[in-house]
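Okay, structure first, notes after.
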Protein chains: 2
Amino acid sequence: MATILLVEDARDLAQVVGRELEAAGYRVVHAADGVAALEAHGRERPDAVVLDWMLPRLDGLEVLRRMRQSAVTPVLMLTARGEETDRVVGLELGADDYLTKPFSLRELVARVRALLRRAELIRQQLTADREGAGEALTYGIVRLDPGAHLAALDGDPMDLSPTEFALLYLLMRSPGRAFSRAYLLDTVWREAYIGGDRSVDNAVLRLRKKLGQVGDAVETVWGVGYRMRPTPVVRS
Amino acid sequence: MATILLVEDARDLAQVVGRELEAAGYRVVHAADGVAALEAHGRERPDAVVLDWMLPRLDGLEVLRRMRQSAVTPVLMLTARGEETDRVVGLELGADDYLTKPFSLRELVARVRALLRRAELIRQQLTADREGAGEALTYGIVRLDPGAHLAALDGDPMDLSPTEFALLYLLMRSPGRAFSRAYLLDTVWREAYIGGDRSVDNAVLRLRKKLGQVGDAVETVWGVGYRMRPTPVVRS
DNA sequence: CATAGTCGCGACAAGTTTGCGACAGACACG
DNA sequence: CGTGTCTGTCGCAAACTTGTCGCGACTATG
């Protein structure tokens with residue numbers, strides 16, 4: 001069951017909205033001011049946040065900013081002001097969606113559901129990319145077994161460095177999908193973020209060399225990053 | 001090119017650091033005190049800030065707090081004190097990273113780069129989220145997958161430049177809707193639209209070429225701009 | 001059917017991004 | 001301690017993208 005953090009100081013509104021969300025099947029955690037919101041966010045790690053703009057102690061924008069530092073929890077902002085500038089500020093600050101008071105409960109629930117659905121997709125992708133399922137993969141004549149840390153090219157064992165292995169594994173898990181350098185650095189290189197973009201280039205260069213004739217299966221997506229060429233075999 | 005706001009009152013240190021950042025390919029804007037920093041932050045909208053802890057007129061923490069009210073610019077704080085408590089205070093107040101004097105220039109540049117990359121990553125995720133990531137679009141035999149950054153024409157992968165991709169994506173999301181050149185320049189070309197109307201013409205021209213026989217699905221709306229033909233033609 | 005405004009398109013130049021060899025520092029292993 | 005491997009950085013060349021220009025063709029309008 002998904003948990004929603006509801007940050008709203010107006011008690012009656014909070015109650016109505018909270019009840020509606022619970023009726024929709026979510027677990028609701030309520031916070032009445034900004035400080036409590038941050039505290040609850042850290043403790044409960046909610047799947048999504050419904051956040052009022054005007055709050056006691058710490059306003060909505062600041063709460064949003066700080067939550068963004070520790071996680072990418074999707075946020076639906078509520079505001080009484082309907083001016084375009086506010087909307088822009090909110091979205092620029094990283095709110096995922098935006099709802100102007102007064103709003104219908106029906107719409108709020110719908111938006112929360114949409115938020116959760118989208119977040120779920122991204123979350124799955126990211127954790128899957130980072131953790132890896134540990135299953136052996138094949139791509140044409142390339143074979144990778146992450147469990148045994150074994151790579152083979154047409155049956156012949158291939159000597160891959162840890163970085164090269166992780167990179168190839170990530171690319172092979174989603175042939176056709178393009179990865180930006182920033183994304184690769186965050187997943188393959190993890191926290192050891194000392195590298196620049198050229199580090200990725202070189203890792204790809206070395207990987208291509210070791211892949212021999214299959215090397216050009218690793219394609220450059222100009223201005224974006226790299227990807228595995230989508231093959232007829234592994235088509236989606 | 002990314003812009004870095006460097007806030008440091010010690011003139012010699014500022015010069016050394018500034019030069020190093022410029023050598024790394026960034027545009028550097030310098031501010032020598034807290035008030036100037038806030039002013040420069042509002043005016044230049046830098047991509048990241050390197051902020052000294054101790055400043056004349058308005059100290060680093062206060063500057064940080066105020067900058068946070070208007071934007072999410074990532075901040076790297078510099079401080080002479082290396083105690084853990086300071087680190088905690090700085091990070092809790094919203095600094096994204098933290099460096100203790102004395103530090104190596106090399107490390108500072110590396111951290112700035114990491115900061116920019118992280119911001120870039122979050123921006124990517126958020127825009128992808130808002131646009132509905134992973135949702136592939138089809139229009140006749142044209143297929144666009146924004147998540148994978150993959151375009152295909154009748155199954156054959158198509159090589160689109162970033163601009164062409166963004167343009168086609170926008171047009172395909174609202175077939176039949178006409179977009180003015182001004183609007184296209186604002187959305188597809190983003191901030192850096194130094195281009196004139198002819199830039200749009202050419203982008204469309206190149207896109208049409210790559211679309212081959214389907215090229216005329218991109219229609220000219222005379223005196224207005226361009227649009228996707230409301231319904232794709234089905235070839236026999 | 002003349003005219004002014006607009007668009008298509010080839011060519012070119014400038015700017016940006018990537019490929020790749022060379023090198024050096026870090027680290028593990030004997 | 002030497003030795004080898006891995007990996008980040010640098011620099012230049014190559015590849016690619018993209019804005020601009022010029023001119024001819026097209027469109028609406030009166």
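FYI, side chains are in, hydrogens and waters are out, and symmetry mates aren't considered; it's all heavy atoms of this structure. Chain letters run A, B, ... following the sequence lines, proteins first, then strands; residues in each count from 1. Note that the structure is a prediction, hence the values are computed from the model and not measured.
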CG/L167(B) to CE/M172(B) distance, rounded to the nearest 0.5 angstrom?
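Between atom CG of L167(B) and atom CE of M172(B) there are 11.5 Å.
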[atom1] of [X] versus [atom2] of [N]: gap in Å, rounded?
X	N	atom1	atom2	answer
L205(A)	dC10(D)	CG	C1'	14 Å
D201(A)	dC16(D)	CG	P	15 Å
D159(A)	dT7(D)	CG	P	11 Å
F165(A)	dT7(D)	CZ	P	13 Å
L207(A)	dG19(C)	CG	P	12 Å
K210(B)	dT18(D)	NZ	P	8 Å
R181(A)	dT16(C)	CZ	C1'	12 Å
E164(A)	dT7(D)	CD	P	6 Å

At under 4.0 Å between heavy atoms, what does Y226(B) touch on the DNA or RNA strands: base, sugar-phosphate, or nothing?
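Sugar-phosphate: the residue Y226(B), judged by heavy atoms under 4.0 Å, touches backbone atoms but no base.
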By the 4.0 Å heavy-atom rule, please label R206(B) as base, sugar-phosphate, or nothing.
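Base: the residue R206(B), judged by heavy atoms under 4.0 Å, touches a nucleobase.
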Does a nitrogen or oxygen in the side chain of [X] sit under 4.0 Å from OP1 or OP2 of [N]?
X	N	result
K209(B)	dG10(C)	yes
W189(A)	dG8(D)	yes
T163(B)	dT17(D)	no
S199(B)	dT18(D)	no

Would you mind telling me which of [options] lies closest to the side-chain atoms of [X]?
X	options	answer
R198(A)	dC16(D), dC20(C), dG8(C)	dC20(C)
S161(B)	dT18(C), dT9(D), dT17(D)	dT17(D)
T220(A)	dT18(C), dT18(D), dG8(D)	dT18(C)
R106(B)	dG8(C), dT9(D), dG21(C)	dT9(D)
N202(A)	dG21(C), dC7(C), dC16(D)	dG21(C)
W222(A)	dG8(C), dT16(C), dG21(C)	dT16(C)

Under-4.0 Å salt bridge between E164(A) and R206(A):
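No salt bridge links E164(A) with R206(A).
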With a 4.0 Å cut-off, would you call R113(B) and D197(A) a salt bridge?
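No.
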For the residue pair R177(A) and Y183(A), would you count it as a cation-pi contact if the rule is NZ or CZ under 6.0 angstrom from the ring centre and within 45 degrees of the ring axis?
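Satisfied, under 6.0 Å and within 45°.
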Identify whether NZ of Lys or CZ of Arg in R181(B) sits under 6.0 Å from the centre of the six-membered ring of F179(B) and within 45° of that ring's axis.
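Cation-pi check for R181(B) and F179(B): fails.
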